[in-house]
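Chain letters run A, B, ... following the sequence lines, proteins first, then strands; residues in each count from 1.
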Protein chains: 2
Amino acid sequence: MNSLDGGPLYKGVQRVLMEQLASGALKPGQLIPSERQLATEFNVSIGTLRKAIDDLVEQRILIRQQGKGTFVATHDRERLLFYFFHVVPQKGLKSYPFVESVFFQKSVASDDVANRLGIAVGTPTFHVRNKLSLDGAPVLIDDIHLDQARWPGLTPVQFKERPNTIYNLYQDAFGITVVRTEERLRAEVVDPEHAKLLKLRAGMPVLTIRRTAFDMRNQRVELRISTVNTEKHEYFAELL
Amino acid sequence: MNSLDGGPLYKGVQRVLMEQLASGALKPGQLIPSERQLATEFNVSIGTLRKAIDDLVEQRILIRQQGKGTFVATHDRERLLFYFFHVVPQKGLKSYPFVESVFFQKSVASDDVANRLGIAVGTPTFHVRNKLSLDGAPVLIDDIHLDQARWPGLTPVQFKERPNTIYNLYQDAFGITVVRTEERLRAEVVDPEHAKLLKLRAGMPVLTIRRTAFDMRNQRVELRISTVNTEKHEYFAELL
DNA sequence: AAGTGGTCTAGACCACCAT
DNA sequence: TGGTGGTCTAGACCACTTA
């Protein structure tokens, strides 16, 4: 009776749960009803209900904790470092970056930015630039591009005085959760502006990462172009 | 009775299956017994048996086909292109690379190679260099390093006249299946030898990918250093 | 002790594939 | 038609957390 059907039963349950998550009816950090409760609510067996949740847990949208319950995932520092930050030292252990704001300005979408965000060229955007340091030295420049229409009233203060990660800010202030990203990497000659910030000589190679982030409804919500000095660091990925 | 226990029952079943796969008792391409059969053999319920297989299917070690059965995965061209080849055109569709052999020689492990393969410096190795072209132009140089002890009797002929992928050769000729890789990427100035092969000017930036491949027993079996011209192509990764 | 997720059972029925 | 994997049920019991 709970509306959505068509395919398998557990997929229907999954869609309903996903919609509640995407709409904000279930908020990040919140404890969701127990499996037994949900099973009776949806009028399915506990096995089917668990199967519906399994996928969401695998996508790290929900987090199961034995004895406590199932929670809606949040974007904490740890999650960022583990799943969304792929620059590591060539030697030594991964660590949290130290972030400094370079600027926050209004802009309009260039050809490249428009294409990657799926908006029209010339659409008003925010352009945020941050400098990230690892082990005391600048290693990475982030150029973040956002559609103004999707982030009404976003201010530099929010960006600069945030205690947590940027994805956490998106989640807290706008109810938008990044669940998936696509990254495209190239080797390029460093741009003069970036060279200065990274304290790199002109003409040196840098790694550029163009990352498109998607929310729970699979909409593009952010384009981030990272420029990385890979003299002492590198990009790491584990692939199946 | 089937030996291995300790944790959950389905993990035990999984370990036994995994051992049969790693030892070659179950070979790539082969149809494994049906779930009902395995369930009675292991003396577990069908649900538990399925749960044991679920993980292996997710790791793409087994492939389920409704109505037909469950098969041991093979390294065909499609799998390679989809899961182990991440260089795509900046514009247009992904395509199969055209591979040419540059050389096949015996060598000894350098510092870097030894570290990444987990062997001692100076250990005898094979060093294979291939040139890969996309859309008619050379884009990528692969430098493959293998521990001679792990690949006894490997010949250039096998490498050059192989109809399929290199991972397929490993599987057919040595019974070694690559199931997981780690990749580390940097931007570097192109090396003169590589520049010539890629028809790149000296001093241009290239993307280097250091990939370590692991088999089913989680042993390091191959180091592949790819040097990529990213003027018209790029490295693509989708991340959760 | 009560509530949660994690494991396991012993089936039934469906969808798909080969013959 | 018979065999396969895919879905679903209605429980039971275990491991863990909190009070």
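A donor and an acceptor atom, one from each side chain of A:Thr125 and A:Asp147, are nowhere located under 3.5 Å apart.
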Name the pairs: protein N/O against N/O of nucleotides 5-7 of chain C, kept only if under 3.5 Å.
| unit_1 | atom_1 | unit_2 | atom_2 | d |
| --- | --- | --- | --- | --- |
| C:dG5 | OP1 | A:Thr70 | N | 3.4 |
| C:dG5 | OP1 | A:Thr70 | OG1 | 3.1 |
| C:dG5 | OP2 | A:Glu35 | N | 2.8 |
| C:dG5 | N7 | A:Arg36 | NH1 | 3.1 |
| C:dG5 | O6 | A:Arg36 | NH2 | 3.1 |
| C:dG5 | N2 | A:Gln66 | NE2 | 3.0 |
| C:dG6 | OP2 | A:Arg50 | NH1 | 2.8 |
| C:dG6 | OP2 | A:Arg50 | NH2 | 3.0 |
| C:dG6 | OP2 | A:Arg64 | NE | 3.2 |
| C:dG6 | O4' | A:Gln66 | NE2 | 3.2 |
| C:dT7 | OP1 | B:Tyr10 | OH | 3.1 |
| C:dT7 | OP2 | B:Lys51 | NZ | 2.7 |

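For B:Glu238, the side-chain hydrogen bond (donor to acceptor under 3.5 Å, both in side chains) criterion is met by A:Arg180, not counting sequence neighbours. In this structure, the salt bridge (charged side-chain N to carboxylate O under 4.0 Å, His left out) partners of B:Asp143, at least two apart in sequence or on a different chain, are B:Arg129. Under the rule for a ring pair (Phe, Tyr, Trp, His ring centres under 6.0 Å), A:Phe71 has no partner lying at least two apart in sequence or in another chain.
One atom, CD1 of B:Ile63, and another, C1' of D:dT4, lie 16 Å apart when rounded to the nearest Å. Rounded to whole Å, the distance from CG on A:Leu38 to C1' on C:dG3 is 14 Å. To the nearest angstrom, C1' of D:dG5 lies 16 Å from CG of B:Leu56. Atom CZ of A:Phe42 is separated from atom P of D:dC8 by 14 Å (rounded to the nearest Å).
A side-chain hydrogen bond (donor to acceptor under 3.5 Å, both in side chains) check over residues 67-80 of chain A, counting only residues at least two apart or in different chains, returns nothing. Sorted by first then second residue, the side-chain hydrogen bond (donor to acceptor under 3.5 Å, both in side chains) pairs that include residues 167-179 of chain B, not counting sequence neighbours, are B:Tyr167-B:Arg211, B:Tyr167-B:Glu222, B:Tyr170-B:Glu222, B:Gln171-B:Thr177.
Looking at which nucleotide of DNA chain C each of B:Gly47 and A:Gln37 is closest to, the 5′-most match is held by A:Gln37.
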